[in-house]
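Working notes, beginning with the structure itself.
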Amino acid sequence: AWNVISLSRTSVPGVHKAWVVISGGLHSVNVSVPRVFYVNSSLPEGDPLISGLGGVLVSKIPINCDSVHYVYQFMLTEEVYMRQFVDIQARLVSSPKVFDVYEAQVPPEWVLSVTLGCVSSVVPSSRDKNIGNGLDISDLHMEAIQQEGYFRGDSKLCHNLLYHSEDSSTGRALIGLHLPAERKAHVWIINPARRGQKEVNPAAMSRSWEETVASSL
C-alpha cells in the first residue's frame with residue numbers, strides 16, 4: 001500500500017504529482033485525472049449533441065431532480081475541457097432537452113483526494129505499469145485505513161518534526177528540525193543584533209536545554 005503525503009498540481013492541466021511512501025521509500029508519481037460530469041437529458045442515446053461530446057449512458061439517479069430521463073457521463077481530459085469549456089457550456093445550455101448538468105465544476109484535485117485517501121494502492125490490472133511513466137486515476141484505489149493503517153510501523157518519515165518561532169519586533173528566530181531516524185536534532189538561531197553571536201554559544205544552549213528538561217519532569 002502507498003502512504004500518501006501530498007498532492008499538488010503540475011504545469012500540465014489534469015496531471016497531479018503525488019508524493020507517496022512505498023516500502024519505506026519516498027516517490028513522486030504523476031497521476032492523470034480526467035474531467036467527469038453528468039447530464040440529465042431527454043435526448044436519446046446516439047443524438048449528435050451527446051455522441052459529439054463522447055457521452056455514455058449510465059445508470060445513475062441525480063439528487064434534487066424532479067424527473068430523470070437519460071443520464072449521460074462525459075469524460076474529457078482536463079486540457080480538452082479547459083480549451084472547449086465555453087463551447088461545451090453553450091451547447092448544453094442552449095438545448096431545451098438538457099435539464100441538469102452535474103459535477104462539471106468539481107476540481108480534479110478534489111476528485112484525486114477522495115479517490116486516493118491517505119492510503120491507496122494500484123489495482124491488480126495495472127500493477128505491470130511503470131509508475132515512472134505516470135498513472136491514471138483509474139489505476140489506483142483507496143485502501144481501508146482500519147486494515148492498512150497510515151504509516152504503520154517504524155517509518156522514517158513518520159516522526160520528523162520541524163519547529164519555527166519568530167519575533168518580528170527584534171528579527172530573532174529559532175528553527176528546529178528533529179530527525180529521529182538519524183538520532184539528531186538541528187537547531188538554527190537567528191539573531192541580527194550586534195552581540196547576537198556572543199549571546200548564543202554552546203554552553204548557553206546546553207544550560208538552556210538542561211533547564212527545560214528539568215522543568216518538564
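- The distance from atom SG of C118 to atom CD1 of I5, rounded to the nearest 0.5 Å, is 11.5 Å.
- Closest heavy-atom contact between S41 and H69: O-CB, 3.0 Å.
- Atoms CD and OG, on Q89 and S94 in that order, are 10.5 Å from each other to the nearest 0.5 Å.
- In this structure, S32 and V15 have side chains that are in contact, with non-hydrogen atoms separated by less than 4.5 Å.
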Residue pair V36, E103: steps toward the side-chain contact (heavy atoms from CB on, under 4.5 Å) verdict:
CA-CA 7 Å; V36 180; E103 301 186 17; 5.6 Å; no
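- Of the inter-residue distances, the one linking K60 atom NZ with N40 atom CG reads 13.5 Å to the nearest 0.5 angstrom.
- Here E109 contributes atom CD and S113 contributes atom OG; the two are 7.5 Å apart, rounded to the nearest 0.5 Å.
- Heavy atoms of other residues, nucleotides or ligands lying less than 6.0 angstrom from CG of D128 number 12 at most.
- Considering every non-hydrogen atom in both R35 and A104, the closest pair reads NH1-O, 2.9 Å.
- When all heavy atoms of M82 and P13 are compared, the pair lying nearest together is SD-CB, 3.7 Å.
- The local environment of CD in E79 is sparse, with at most 12 non-hydrogen atoms from other residues, nucleotides or ligands closer than 6.0 Å.
- Cluster note: I88 groups with F37, V39, L43, L49, I50, L53, L57, Y70, Y72, F74, L76, Y81, F85, V86, L92, V98, V101 through ILVMFWY side-chain heavy atoms spaced under 4.5 Å, whether in direct contact or through intervening members.
- Side-chain contact, S121 with H141: a donor N or O sits under 3.5 Å from an acceptor N or O.
- Residue S165 holds its OG atom at 11.0 Å from CD1 of I189, rounded to the nearest 0.5 Å.
- As a member of the Ile/Leu/Val/Met/Phe/Trp/Tyr network built from side-chain separations under 4.5 Å, L140 groups with W2, V4, L7, V20, I22, V29, V31, V33, V106, W110, V111, L112, V114, L116, V122, I131, L135, I137.
- The heavy-atom pair separating W188 from H186 by the smallest distance is CH2-CB, 3.3 Å.
- Counting heavy-atom neighbours within 6.0 Å of R9 CZ, excluding the residue itself, gives a total of 12 or less.
- Remark: the backbone N or O of P44 is not paired with any side-chain donor or acceptor of D47 at under 3.5 angstrom.
- A pairwise comparison of heavy atoms in G171 and P192 identifies O-CD, 3.6 Å as the closest pair.
- In this structure, the separation between CG on L162 and CD1 on I175 is 7.5 Å, given to the nearest 0.5 Å.
- Of all non-hydrogen atoms in G46 and S51, the two that sit nearest each other are O-OG, 3.8 Å.
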